[in-house]
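Working notes for the structure below.
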Amino acid sequence: MIPLQPPRRLIDVQIDGETVRVPEGATILDACRAAGKDVPTLCYGDTLTPKNACRVCVVEVEGARTLAPACSRKAEAGMKVGTGTERARHSRKVVLELLGSSVDLSTTPRAAEWTAEYGADPARFGADAATVAQPAKVDNDLYVRDYSKCILCYKCVDACGDQWQNTFAIAVAGRGFDATISTEFDAPLTDSACVYCGNCVEVCPTGALSFRTEFDMRAEGTWDESRQSETTTVCSYCGVGCNLTLHVQDNKIVKVTSPHDNPVTKGNLCVKGRFGYGYV
């Protein structure tokens, strides 16, 4: 049974001159998507509280002094928003250049497309630009932490912490450019409080956290999403009713995700649902 939400008043918002009607409390990003506008996002998570970490979704609001992050700023009645203004596009371009020069975005969905679309040139900072490059942490059989791909969006920390799992196995360590996601005392996952639910992997937008199967297959050059099929089913371990989406390549399950619109799990699973498919 899906619980009904209380009715919300509808408000009119102008997106690039087009009036759209969204429920009161919706974000500017919700209004942009209702208007069919493709606003890039990285740190935004549809199951998490907006963190405003990456600023790649900024838009221009008429009358506002600064650009507004579309993922967290609430839409207001009569608001006039520009998604493709010169100022907004320039800001996104610089954000993509800074990220692209310091972080490995090779497994970030749509990063290459956005870099080309906004004319971003990460190489303009030169070969000596500081990066977060470091060896991947492979210390267990379930998932891998490759922090050379981490943009510090904190989605994994929120998913592990008070927004979903309440395990608090990971947090931010260090300061400034040396800041990184870490377990307590930078211990291996096997010695940490991690319960291997994989909900951090589910929300990671860049592939900094990935299934061990995906990591190994990418290293072998056999990972090919174009050859993968997805099948959503119900977890067979208990009676909660969690939905699983099985990603299958060459007749083998290569990873398991969960639909974010599932009213039971909202994309979250336990260790058995996420990783316990060896018996299939």
_Shortest non-hydrogen contact between A31 and V22, atoms and distance_ = CA-CG1, 3.7 Å
*With the side chain counted from C-beta on, respond yes when D191 and F185 share a heavy-atom pair under 4.5 Å apart, and no when they do not.*
no
*Will you find, in the side chains of D16 and T83, an N or O donor that is under 3.5 Å from an N or O acceptor?*
yes
*Evaluate the side-chain proximity of F125 to L98: yes if any heavy-atom separation is below 4.5 Å, no if none is.*
yes
_Polar side-chain atom of D250 near backbone of K252 as donor-acceptor pair, under 3.5 Å_ = no
*asked:* Can you confirm whether the side chains of T131 and S102 place a donor and an acceptor under 3.5 Å from each other?
replied: no
*Decide whether L152 and Y147 are clustered together by the hydrophobic rule: side chain heavy atoms of Ile, Leu, Val, Met, Phe, Trp, Tyr closer than 4.5 Å, transitively.*
yes
*Any donor and acceptor pair, going by atom type alone, linking the side chain of T27 with main-chain N or O of D30 inside 3.5 Å?*
yes
_I'd like to check Q165 versus V195 (side-chain heavy atoms, cut-off strictly below 4.5 Å). Are they in contact?_
yes
*Looking at SG of C160 and CZ of F168, how far apart are the two atoms once the value is rounded to the nearest 0.5 Å?*
8.0 Å
_How long is the straight-line distance from OG of S182 back to CZ of R145, given to the nearest 0.5 Å?_
7.0 Å
*asked:* Please check this pair: side chain of S192 against backbone of C194, looking for a donor-acceptor N/O pair closer than 3.5 Å.
replied: yes
*Does H90 NE2 have over 12 foreign heavy atoms under 6.0 Å away?*
no
*Same cluster (ILVMFWY, side-chain, under 4.5 Å), L142 and V138*: no
_I'd like to know if the side chain of S91 and the backbone of R87 have a donor-acceptor N/O pair within less than 3.5 Å._
no
*Can you see which heavy atom on W114 is nearest to which on L96, and at what distance?*
O-CD1, 3.7 Å
*Let me see the working for D186 and K137 under salt bridge (Lys or Arg N to Asp or Glu O under 4.0 Å), right down to the final yes or no.*
CA-CA 11 Å; D186 200 23; K137 295 179 182 293; 3.8 Å; yes
*Does any non-hydrogen side-chain atom of D38 lie less than 4.5 Å from one of R110?*
yes
*Closest heavy-atom contact between C200 and I170?*
CB-CD1, 4.4 Å
*Does the ring center of F215 lie less than 6.0 Å from the ring center of Y143?*
no
_Lys/Arg-Asp/Glu bridge criterion (N-O < 4.0 Å) met for R92, E117_ = no
*Are the side chain of T41 and the backbone of Y44 linked by a donor-acceptor contact shorter than 3.5 Å?*
no
*asked:* If I take atom CD from residue Q134 and atom OG1 from residue T180, how far apart are they, to the nearest 0.5 angstrom?
replied: 5.5 Å
*Do R212 and F275 come close enough that some side-chain heavy atom pair is under 4.5 Å?*
no
*Would you find a donor on one side and an acceptor on the other, under 3.5 Å apart, between the side chain of Q249 and the backbone of T222?*
yes
*Do T233 and N243 come within less than 4.5 Å of each other through their side chains, counting heavy atoms only?*
no
*Rounded to the nearest 0.5 Å, what separation is found between the OG1 atom of T108 and the CD1 atom of I151?*
6.5 Å
_Evaluation steps, side chain to side chain contact (heavy atoms under 4.5 Å, CB included), between Y154 and V172_ = CA-CA 8 Å; Y154 310 122; V172 180; 3.1 Å; yes
_As a quick check of understanding, evaluate side chain to side chain contact (heavy atoms under 4.5 Å, CB included) for D146 and T206, giving each step before the final call._
CA-CA 10 Å; D146 186 355; T206 64; over 6 Å; no
*asked:* Test of understanding: clusters of I, L, V, M, F, W, Y form through side-chain heavy atoms closer than 4.5 Å, transitively. Do M217 and F211 belong to the same one?
replied: no
*What is the minimum heavy-atom distance between A193 and A169, and which atoms define it?*
C-CB, 3.8 Å
*Given K149, which of V132, T107, L105, L209 fulfils the side chain to side chain contact (heavy atoms under 4.5 Å, CB included) condition?*
T107
*Flag the pair E60 / V81 as yes when at least one side-chain heavy-atom distance between them is below 4.5 Å, and no otherwise.*
no
_Within the structure provided, determine whether V264 and V240 are in side-chain contact (heavy-atom separation under 4.5 Å)._
yes
*Within the distance-only criterion (no hydrogens, no angle test), does the side chain of K155 pair as donor or acceptor with the backbone N or O of V203 below 3.5 angstrom?*
yes
*In this structure, are over 12 heavy atoms from other groups packed under 6.0 Å from E113 atom CD?*
yes
*Which of parallel (below 30°), tilted (30 to 60°) and perpendicular (above 60°) describes Y279 and Y237?*
perpendicular
*What are the two closest non-hydrogen atoms of V61 and A68, and how far apart are they?*
CG2-CB, 3.9 Å
_So, taking the atom named CD in E76 and the one named CG in D12, what distance separates them when rounded to the nearest 0.5 Å?_
14.0 Å
*Begin with the C-alpha distance, continue with both residues' side-chain angles, and end with the deciding distance and a verdict on side chain to side chain contact (heavy atoms under 4.5 Å, CB included) for Y196 and D141.*
CA-CA 10 Å; Y196 298 95; D141 292 333; over 6 Å; no
_Let me confirm one number: the OH-CD1 distance from Y277 to I253, rounded to the nearest 0.5 Å._
7.0 Å
_Contact summary for A129 and S101, nearest pair of heavy atoms_ = CB-O, 4.5 Å
*Counting N and O atoms only, with roles assigned by atom type, does the side chain of R274 sit under 3.5 Å from a partner on the main chain of C197, one being a donor and the other an acceptor?*
yes
*Salt-bridge contact K93-D121 (side-chain N to carboxylate O under 4.0 Å)*: no
*Flag, side chain of T213 to backbone of V254, donor-acceptor distance under 3.5 Å*: yes
*asked:* Set out, in order, the CA-CA distance, both residues' side-chain angles and the distance that settles side chain to side chain donor-acceptor pair (under 3.5 Å) for E202 and H260, then state yes or no.
replied: CA-CA 10 Å; E202 178 76 35; H260 289 198; 2.9 Å; yes
_S210 side chain vs E214 backbone, donor-acceptor pair below 3.5 Å_ = no
Donor-acceptor pairs are to be reported for all side-chain atoms of residues 47-59 against protein atoms at under 3.5 Å, with residues two or more places apart or in another chain.
residue	atom	partner	partner atom	Å
K51	NZ	D158	OD1	3.3
N52	OD1	S72	OG	2.6
N52	ND2	S72	OG	3.3

_Residues T265 and N268: side-chain donor-acceptor under 3.5 angstrom_ = no
*Would you please test L269 and L244 for side chain to side chain contact (heavy atoms under 4.5 Å, CB included) and show each step?*
CA-CA 8 Å; L269 295 172; L244 311 179; 3.5 Å; yes
